[in-house]
Amino acid sequence: MRKLLLVSLLVLTQFFSFAQPGTLDPTFNPTDAGFGIGDGITGPVHTTAIQPDGKILVAGWFHSYDGTNRYRIARLNIDGSLDTTFDPGYGASGTITSIVIQPDGKILIGGVFMYYHTTRQTAIARLNPDGSLDATFTSGLNEFGTVSSISLQKDGKIIIGGNFPSYNGTPQGDIARLNPDGSLDASFNAGTGTNAFVHTTAIQPDGKILIGGNFTEYNGTPCSRLARLNIDGSLDLTFNATGGGVGSDEVFTIAALNDGKILIGGTFSYYNLIPRNGIARLNADGTLDASFVNMTGAYGVRTLALQNDSKIIIGGDFTAYNGTSRNRIARINADGSLDASFDPGTGADNRV
């Protein structure tokens with residue numbers, strides 16, 4: 001329904017200018033009354049991406065948009081109306097959790113599915129700009145594989161993270177790098193990889209790869225829920241070399257900043273045994289950046305997005321930030337303090 005605008009921070013960052021920061025933009029999908037049968041989106045939206053032309057891809061677990069069948073993925077015009085030139089047919093057979101738009105306009109999707117339209121394509125696929133399946137890209141995952149995160153390198157190679165023991169029969173351990181055609185990049189050697197889910201991936205400006213999740217080791221080396229990999233897939237032992245990571249909780253989102261620092265969000269209460277609730281900023285070596293002070297923070301940060309002015313939009317399960325009521329969405333300043341000028345009112349009634 002109208003909560004569609006809240007399910008992705010990427011969408012939100014494009015629409016502030018139309019109204020007071022944090023309030024609902026009524027010009028977006030104005031034909032959605034909010035209470036009708038079949039209006040808006042009929043299920044959860046897990047991921048979005050904005051094209052260079054301003055159109056918006058939305059994906060998750062739904063079967064229609066404003067009464068028109070769209071299975072798990074749709075594209076919207078800038079005003080929130082359905083873009084009927086993007087037709088996925090029967091779409092994905094299961095949930096889509098990640099979208100990345102390539103420079104050539106093709107679209108990578110990852111998730112928990114075995115088919116796209118009528119073609120078997122497990123957990124990762126590439127679409128043409130019109131929503132049809134790109135047959136030149138082939139998945140090497142079996143029916144038990146899931147992809148939670150996709151990151152695109154500058155050379156067109158693709159980093160995927162999720163829950164999969166192998167790719168095209170080669171052991172990978174939940175992290176892999178693919179060539180542009182979907183084949184496994186053998187120059188990326190993850191060894192045994194992680195011992196549990198990889199929820200999120202991010203590529204630093206220097207090409208190193210950040211991964212977060214609920215794992216406790218990488219290729220046999222302890223690393224608590226967060227690690228950095230060298231370009232060849234080996235563990236970067238210079239990252240957080242003496243720290244304890246986020247302890248017993250999970251990392252759900254990572255952003256690599258241009259100055260080398262790193263933002264992480266999740267369900268943690270500590271980083272390297274120092275209290276940090278739900279969000280933290282790290283120095284380039286993985287140590288905690290003490291200049292980013294979030295006090296009581298926001299436990300349960302699932303997603304974040306950076307504005308051009310360095311302010312940060314966060315979404316998740318939280319109901320307060322630093323003791324101030326903020327239901328599932330907030331904007332914070334670059335130093336970690338709450339931006340009080342962004343006021344969502346009662347906010348979202350469920351997880352962003």
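In what follows, every heavy atom counts, from backbone to side chain, and hydrogens, waters and symmetry copies are set aside.
- The closest side-chain heavy-atom distance from L229 to L235 is below 4.5 Å.
- When side chains are defined from C-beta on, L127 counts as touching L133, because their heavy atoms get closer than 4.5 Å.
- Contact of the F86 side chain with the L57 side chain is registered, since non-hydrogen atoms from C-beta on lie closer than 4.5 Å.
- Between G105 and P129, the shortest heavy-atom distance links the atoms O-CG, 3.7 Å.
- When all heavy atoms are compared, the tightest approach of T138 to Y167 is O-OH, 3.6 Å.
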Could you please spell out the steps behind the side chain to side chain donor-acceptor pair (under 3.5 Å) verdict for N327 and T319?
CA-CA 4 Å; N327 284 328; T319 56; 4.9 Å; no
side-chain contact (heavy atoms from CB on, under 4.5 Å) between I78 and F28, worked out
CA-CA 8 Å; I78 295 173; F28 185 84; over 6 Å; no
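- Residue pairs meeting the salt bridge (charged side-chain N to carboxylate O under 4.0 Å, His left out) criterion with at least one member in residues 132-141, sequence neighbours excluded: K106-D134, R126-D134.
- Using a 4.5 Å cut-off between side-chain heavy atoms of Ile, Leu, Val, Met, Phe, Trp and Tyr, with links allowed through other members, V147 and I96 fall into different hydrophobic clusters.
- Side-chain contact check for R177 and S187: at least one donor-acceptor pair (N or O, by modelled atom type) lies under 3.5 Å.
- In this structure, Y90 and Y71 have tilted ring planes: the angle between them lies in the 30° to 60° band.
- In this structure, S81 OG and N29 CG are separated by 7.5 Å, a value rounded to the nearest 0.5 Å.
- F252 is listed as a side-chain neighbour of T267, based on a closest heavy-atom distance under 4.5 Å.
- Under the salt bridge (Lys or Arg N to Asp or Glu O under 4.0 Å) criterion, R302 pairs with D317, not counting sequence neighbours.
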Is there a side chain to side chain donor-acceptor pair (under 3.5 Å) between Y270 and N277 once you walk through the steps?
CA-CA 6 Å; Y270 293 87; N277 207 29; over 6 Å; no
May I have the list of side-chain donor-acceptor pairs in residues 253-265 shorter than 3.5 Å, sequence neighbours left out?
unit_1: D259; atom_1: OD1; unit_2: K261; atom_2: N; d: 3.0
unit_1: K261; atom_1: NZ; unit_2: D289; atom_2: OD2; d: 3.0

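- Side-chain contact of T27 with D25: a donor-acceptor pair under 3.5 Å is present, judged by distance alone.
- Nearest approach of S139 to Q121, heavy atoms of both residues: N-NE2, 3.4 Å.
- Here the side chains of T303 and I314 are not in contact, with every heavy-atom distance at 4.5 Å or above.
- A donor and an acceptor atom, one from each side chain of N163 and T146, are nowhere located under 3.5 Å apart.
- Using a distance-only test at 3.5 Å, with no hydrogens or angles considered, a donor-acceptor pair links the side chain of T194 to the main chain of G173.
- Contact annotation: the side chain of R75 approaches that of Q51 to within less than 4.5 Å [non-hydrogen atoms, C-beta and beyond].
- In this structure, a donor-acceptor pair under 3.5 Å is absent between the side chains of T221 and N219.
- In terms of modelled atom types and a separation under 3.5 Å, the side chain of N214 and the main chain of E250 share no donor-acceptor contact.
- No side-chain donor-acceptor contact under 3.5 Å links T201 to the backbone of I211.
- We find the CZ-OG distance between F318 and S325 to be 10.5 Å, quoted to the nearest 0.5 Å.
- Within the 3.5 Å criterion, the main-chain N or O of A284 finds a donor-acceptor partner in the side chain of R228.
- The two atoms that bring R72 and G94 nearest to each other are CG-O, 3.0 Å, heavy atoms only.
- Listed by first then second residue, pairs satisfying salt bridge (charged side-chain N to carboxylate O under 4.0 Å, His left out) with a partner in residues 147-160 read K157-D185, not counting sequence neighbours.
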Can I158 and Q153 be said to form a side-chain contact (heavy atoms from CB on, under 4.5 Å), step by step?
CA-CA 6 Å; I158 303 155; Q153 294 188 172; over 6 Å; no
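- With rounding to the nearest 0.5 angstrom, the CD1 atom of I124 is 8.5 Å from the CZ atom of F164.
- A donor-acceptor contact closer than 3.5 angstrom links the side chains of D335 and S337.
- Using modelled atom types, one finds no donor on one side chain facing an acceptor on the other under 3.5 Å when comparing N294 with Y321.
- Remark: side-chain polar atoms of N272 are paired, donor with acceptor, to backbone N or O of G244 under 3.5 angstrom.
- Using a distance-only test at 3.5 Å, with no hydrogens or angles considered, a donor-acceptor pair links the side chain of D236 to the main chain of T238.
- With D343 contributing its side chain and G345 its backbone, the two residues share a donor-acceptor pair below 3.5 Å.
- With hydrogens and angles disregarded, no donor-acceptor distance shorter than 3.5 Å links the side chain of R276 to the backbone of R281.
- Defined by atom type and a distance below 3.5 Å, a donor-acceptor pair is missing between the side-chain atoms of S64 and N69.
- Between L152 and Q102 there is a side-chain heavy-atom pair separated by less than 4.5 Å.
- Between S93 and W61 the shortest heavy-atom distance is O-CZ3, 3.9 Å.
- Y115 meets the ring pair (Phe, Tyr, Trp, His ring centres under 6.0 Å) test with no other residue; sequence neighbours excluded.
- F239 is listed as a side-chain neighbour of L226, based on a closest heavy-atom distance under 4.5 Å.
- The line from CG of N189 to CG of N230 is 11.5 Å long, rounded to the nearest 0.5 Å.
- Ring geometry for H199 against F197 counts as parallel: the plane angle stays under 30°, on a 0 to 90° scale with 60° as the upper cut.
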Could you please spell out the steps behind the side chain to side chain donor-acceptor pair (under 3.5 Å) verdict for S248 and R225?
CA-CA 8 Å; S248 62; R225 279 79 187 185; over 6 Å; no
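- If you check the side chains of T85 and D130, you find no donor sitting under 3.5 Å from an acceptor.
- Under the 3.5 Å distance criterion, the side-chain polar atoms of Q172 are matched with a main-chain donor or acceptor of I175.
- Contacts classified as salt bridge (charged side-chain N to carboxylate O under 4.0 Å, His left out) and involving residues 43-60 (residues at least two apart or in different chains) are given here: K55-D83.
- Atoms CD1 and OG1, on I274 and T287 in that order, are 9.0 Å from each other to the nearest 0.5 Å.
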CA sep, side-chain torsions, deciding dist, call: I332, F292, side-chain contact (heavy atoms from CB on, under 4.5 Å)
CA-CA 11 Å; I332 57 180; F292 184 88; 3.9 Å; yes
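- Residues V251 and Y299 do not share a hydrophobic cluster, clusters being chains of Ile/Leu/Val/Met/Phe/Trp/Tyr side chains in contact below 4.5 Å.
- The CG atom of L338 sits 5.0 Å away from atom CZ of R326, with the distance rounded to the nearest 0.5 Å.
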What's the verdict on side-chain contact (heavy atoms from CB on, under 4.5 Å) for L306 and I312, showing C-alpha distance, side-chain angles and the deciding distance?
CA-CA 5 Å; L306 305 176; I312 306 154; 3.8 Å; yes
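- Judged by distance alone, with hydrogens and angles left aside, the side-chain atoms of T42 form a donor-acceptor pair with the main-chain N or O of H63 at under 3.5 Å.
- When every heavy atom of F268 is checked against every heavy atom of V246, the shortest pair comes out as CB-CB, 3.7 Å.
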